[in-house]
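Note sheet for the following structure.
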Protein chains: 2
Amino acid sequence: MRANIKDVSQAAGVSIKTVSRVINNERYVRPATRARVEEAMAALGFHPSQAARALAGGRSFQIALVCSNPGPYYLHGLIAGLRGRCAAEGVRLIVHAYEVEADELGADVLTFFRQMGFDGAILTPPIVDNAPVLDELDRAGTPYVRISPGVQRDRSASVAIDNEGAARAMTRRLIALGHRRIGFVVGHRSYAVSNQRLAGYLDALREAGIPLDLNLVEQGWFDFGSGRAAAEALLGLPEPPTAIFASSDDMAAGVLSVAHQRRIRVPEQLSIAGFDDTDLAKLVWPPLTTMRQPIRAMAERAAELLFSGTVEQVVLPSELIERASTAPRWG
Amino acid sequence: MRANIKDVSQAAGVSIKTVSRVINNERYVRPATRARVEEAMAALGFHPSQAARALAGGRSFQIALVCSNPGPYYLHGLIAGLRGRCAAEGVRLIVHAYEVEADELGADVLTFFRQMGFDGAILTPPIVDNAPVLDELDRAGTPYVRISPGVQRDRSASVAIDNEGAARAMTRRLIALGHRRIGFVVGHRSYAVSNQRLAGYLDALREAGIPLDLNLVEQGWFDFGSGRAAAEALLGLPEPPTAIFASSDDMAAGVLSVAHQRRIRVPEQLSIAGFDDTDLAKLVWPPLTTMRQPIRAMAERAAELLFSGTVEQVVLPSELIERASTAPRWG
DNA sequence: TTGAAAGCGTTACCAA
DNA sequence: TTGGTAACGCTTTCAA
């Protein structure tokens, strides 16, 4: 049978409470006593039951990462960014990836939160803007950090980049390269960042006095397939764009693949721009131009805010990466 | 205050035990009683405490996914494959990503397992071959499924592909294309699959009567950077290879980037082959040839084995994808 | 600085 | 088909 705290207390000749003090690194334990207890714990191969600690102490030692079914790089960046800090804090990471289409109302996520009192939560779009979910978290007193919130930004701690500004910068860049007909692939409708990026695009056009041609704006869903579909539509126009700015790298890769099939040389005949959290630019050849959202850094910062209890709206810089042939990001 | 099972039992006018029966969908509850209890639960917004269930019931309703710090596509494939089944089983997924270099002995993972009695575990390389960890799991009676085990394959349920056969097929393909000098980038030393893939490469050479040139074999670490380093070495040889087979797609992408820098046309002047779990082939242009490890399907199958309690060694087919220009995998 | 005892919210066992 | 009551293994409160 697994050793429990009582076994340890007997082996060490102290009370249960004292063992508990050692487990939790509390003060008021004489070094000698502490040593004796630790010895006993090691000898018995004792590891405190998290379930019991959670029940008695009201802490779960778990934080939740709630995200939609995101792309590989986004998910990886999140987990990579959270991993270290969680380990350092002795906390487990519960990954809850939900189906965006199937859970518009966040009901699933609500249930998820109500079952285990998490010590904290990290939310990503689009659930990050779901009021009932935020209400529940507030009600339960669970600290949480939102990544890329779209609404009520000052409601909680959050980490984001300036999506609108970044999209504006990218569009300006394309305009500076001489493009006047710039296609745009909008992101998933349920994500606030999609609108923010679209707004940046529109703003840059306005600023440059380029009239908006609605034929150049296609709806996408952040994935490779919808990028391809959008590219088919855009490149099939009587007067196709000379540049296409996709709201995510996955979609940009889709655009690239269509261009390739159509024997369109990139970037000579068609500039393709992506926007994302990925390292795709380093993998794709010839390269896309990418507006880089530092998702891993955002996750790291989110963990920092969560564990320090700081309620603050952090805005991290994004980064415009010209095509990798001129600005490689090797390593 | 959060409603507990006692509140529900009082509201419904039944005993605690009956509420428990309803929660756990046990038999021997009259439909009318069940309905009354469910009503009370809904009215009180009751959700059973997972901590209490875990403590009393000896089940944690959590399974662990233990992996090293894997690449984005690998991690994504794993989680995507496990997600649905976990949700269906009402079980949470705890992601434990550990540092391979820092945890050679699996001590960290051992602690991880001993703290919470998981209902099950999914292990991936290289910890999948760590005997102490497997022993601990056996001792605790925790069901587990190993993905791509390297040793003691019949020790537990597992899912794998035939790595050696796949690498052999890939090498044969390169030989069939007329290559005689085929570089090989070995995977990370701590992973058994690295040796398996190397064995397949060596076997195909032997079979074709091509003498092994050790200068053509470079050590890599599964990542982009080591792929670049290996390519620098191989392409810097007095007599460089005409094809390079990297044991992972990330490394293959690194090789590709070096080829690009050196103005080597791919695949006309240099064939590049990858081996992985990724969809890189669909993203990279010009394409690599890839031996595809269906990691998501492996994860799905692993979940199936885990939850059904089937102890079986499943071998899934891999797939040779010729360069994407001729065999696109769009969508 | 240490200890005794009362929870925490379930499930499991045994009766009824 | 239902209900008591003892675990489960820890934290917390209050004394000492």
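All values reported here derive from a predicted model rather than from experimental measurement. Computed over heavy atoms, backbone and side chain alike; hydrogens, waters and symmetry mates excluded. Throughout, protein chains are lettered first and strands after them, A, B, ... in sequence-line order, and every chain is numbered starting at 1.
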For atom [atom1] of [X] and atom [atom2] of [N], their distance in whole Å:
X	N	atom1	atom2	answer
A/D7	D/dC8	CG	C1'	13 Å
B/R30	D/dT1	CZ	C1'	7 Å
B/Y28	C/dA16	OH	C1'	15 Å
B/H47	C/dT10	NE2	C1'	16 Å
B/I5	D/dT5	CD1	P	16 Å
B/L55	D/dT11	CG	P	12 Å
B/M41	C/dG9	CE	C1'	15 Å
A/R53	C/dG9	CZ	P	18 Å

Quiz item: A/R21 side-chain donor-acceptor pair to C/dT2 base, under 3.5 Å = yes
Decide yes or no, distance alone: a donor-acceptor N/O pair under 3.5 angstrom between the base of C/dA12 and the side-chain of B/K17.
-> yes
Earlier contact from the 5' end, DNA chain D, for B/R36 and B/A52 | B/R36
Closest-nucleotide 5' rank along DNA chain D - winner of B/G57 and B/G13 | B/G13
If you measure from the Lys or Arg side-chain nitrogens to the Asp or Glu carboxylate oxygens, is any gap between A/D135 and A/R155 under 4.0 Å?
-> yes
A/R36 and A/E39 ion-paired at < 4.0 Å = no
Does [N] have OP1 or OP2 under 4.0 Å away from a side-chain N or O of [X]?
X	N	answer
A/S15	C/dG3	yes
A/T33	C/dT2	yes
B/S20	C/dT10	no
B/T18	D/dT1	no
A/N4	D/dC8	no

Could you grab the distance from atom OG of B/S156 to atom CG of B/L123, nearest 0.5 Å is fine?
-> 7.5 Å
Proximity of B/F118 and B/Y144 rings by center, below 6.0 Å | no
Heavy atoms under 4.0 Å, any strand shown: does B/F61 hit a base, just sugar-phosphate, or nothing?
-> nothing
May I ask you to say what B/V14 touches in the nucleic acid, namely base, sugar-phosphate or nothing, with a heavy-atom cut-off under 4.0 Å?
-> sugar-phosphate
Given A/V109 and A/Y98, is the side-chain contact (heavy atoms from CB on, under 4.5 Å) satisfied, shown in steps?
-> CA-CA 8 Å; A/V109 174; A/Y98 63 93; 4.1 Å; yes
